[in-house]
*Asks:* 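Dropping the structure in here first, questions after.
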Amino acid sequence: LGCDAVLDYAAIAEQKKTASSSSSSSGSSDESLSRRLAAALAQQNNGKEMMFNVVYESVGGELLEYALDSVAVRGRIVTIGGISGYASGSDWAAQTANASKIPQLLLGKSASLRGFFLPHFKKLHEQHFESLVKLVDDGIIDSCVDETAKFVGIEQVVDAVEHLHARKNIGKVVVKL
């Protein structure tokens, strides 16, 4: 990918849940997701804390908080969504405890947060879609369609979305109409 580190945040979040349920009976407090993410990245970086020049963030909630805390001076965060809010049916911005502190966190690092919402770039869709199709056709990138479940018909759209939110998919979820 050409990046310094990659996180499987879902596996780390699952570790948090497992640790939380086993420690609840012992009364010990569980570690925050941010601390677990930092530890996982430090492990990939010879034990040193990592700060990021560029963060591509699509989850929201605690992961966005971690990105805000870990962005480097003059770093950039690109956000394209908030699946944590979509999956739970809540507003991901409301889940972010630091929402009112975001301007100060960014200002203190001369960092920026840029939202990218696909419908706002509709006029560029055709041109870039053709470029992506060519990259797939030329074997430069691979477009993976989820084969773990089949969804056919409009009546299975809800099932497909639930499959996606449950993180059961490997690749794009497709509903054949």
Side-chain angles (χ1 to χ4, degrees), residues 1-118 132 135 140-146 148 162-173:
L1 290 174
C3 56
D4 296 322
V6 176
L7 285 176
D8 180 354
Y9 77 90
I12 293 168
E14 188 58 38
Q15 289 171 354
K16 178 184 174 187
K17 286 180 194 171
T18 305
S20 212
S21 62
S22 65
S23 68
S24 62
S25 58
S26 65
S28 63
S29 62
D30 67 322
E31 204 173 13
S32 72
L33 179 58
S34 288
R35 288 184 189 264
R36 289 182 180 280
L37 292 169
L41 284 170
Q43 205 170 25
Q44 295 181 45
N45 194 36
N46 298 320
K48 297 177 192 163
E49 179 183 6
M50 294 183 80
M51 300 301 281
F52 303 100
N53 294 316
V54 178
V55 177
Y56 177 83
E57 207 286 318
S58 62
V59 178
E62 286 182 284
L63 216 56
L64 176 58
E65 288 181 27
Y66 179 68
L68 289 162
D69 290 340
S70 302
V71 68
V73 171
R74 292 185 297 280
R76 295 162 309 277
I77 301 170
V78 177
T79 183
I80 61 141
I83 192 68
S84 65
Y86 307 152
S88 69
S90 66
D91 175 14
W92 68 266
Q95 293 180 19
T96 304
N98 291 328
S100 65
K101 297 177 185 173
I102 290 174
Q104 291 82 5
L105 289 168
L106 294 171
L107 179 61
K109 296 179 179 185
S110 295
S112 64
L113 172 68
R114 172 77 87 154
F116 178 86
F117 188 53
L118 192 56
L132 283 172
L135 291 170
I140 296 169
I141 62 173
D142 183 28
S143 178
C144 178
V145 175
D146 182 39
T148 64
E162 288 175 357
H163 181 75
L164 176 72
H165 287 175
R167 298 183 182 128
K168 295 179 180 175
N169 61 303
I170 299 172
K172 298 293 182 188
V173 176

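All of these numbers come straight from a predicted model, not from anything done at the bench.
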*Asks:* What's the separation between atom CG in Leu135 and atom OG in Ser143, rounded to the nearest 0.5 Å?
*Replies:* 11.5 Å

*Asks:* How long is the straight-line distance from CD of Gln104 back to CG of Leu68, given to the nearest 0.5 Å?
*Replies:* 11.5 Å

*Asks:* Between atom CG of Leu106 and atom NZ of Lys101, what is the distance when rounded to the nearest 0.5 Å?
*Replies:* 13.5 Å

*Asks:* Report the residue from Val78, Ile102, Val55, Val71 that forms a side-chain contact (heavy atoms from CB on, under 4.5 Å) with Leu113.
*Replies:* Ile102

*Asks:* Report yes if the side chains of Thr148 and His163 come closer than 4.5 Å at any heavy-atom pair, otherwise no.
*Replies:* yes

*Asks:* Looking only at heavy atoms, which two atoms of Ala111 and Ala72 are closest? And how far apart?
*Replies:* CB-O, 4.2 Å

*Asks:* Grab the two heavy atoms, one from Ile170 and one from Cys144, that are nearest each other, plus how far apart they are.
*Replies:* O-SG, 3.6 Å

*Asks:* For a side chain to side chain contact (heavy atoms under 4.5 Å, CB included) check, start with the C-alpha distance between Leu64 and Val59, then their side-chain angles and the critical distance, and finish with the verdict.
*Replies:* CA-CA 7 Å; Leu64 176 58; Val59 178; over 6 Å; no

*Asks:* How far does CG of Asp146 sit from NZ of Lys168, to the nearest 0.5 angstrom?
*Replies:* 11.0 Å

*Asks:* Going from CZ on Arg76 to CG on Asn53, what distance comes out if it is rounded to the nearest 0.5 angstrom?
*Replies:* 6.5 Å

*Asks:* Let's go through Tyr56 and Phe116 carefully: what are the C-alpha distance in whole Å and the side-chain angles of both, what is the deciding distance for side chain to side chain contact (heavy atoms under 4.5 Å, CB included) to 0.1 Å, and is it a yes or a no?
*Replies:* CA-CA 10 Å; Tyr56 177 83; Phe116 178 86; over 6 Å; no

*Asks:* Between Glu57 (side chain only) and Gly60 (backbone N and O only), is there a donor and an acceptor less than 3.5 Å apart?
*Replies:* yes

*Asks:* How long is the gap from CD1 on Ile141 to CG on Leu132, to the nearest 0.5 Å?
*Replies:* 5.0 Å

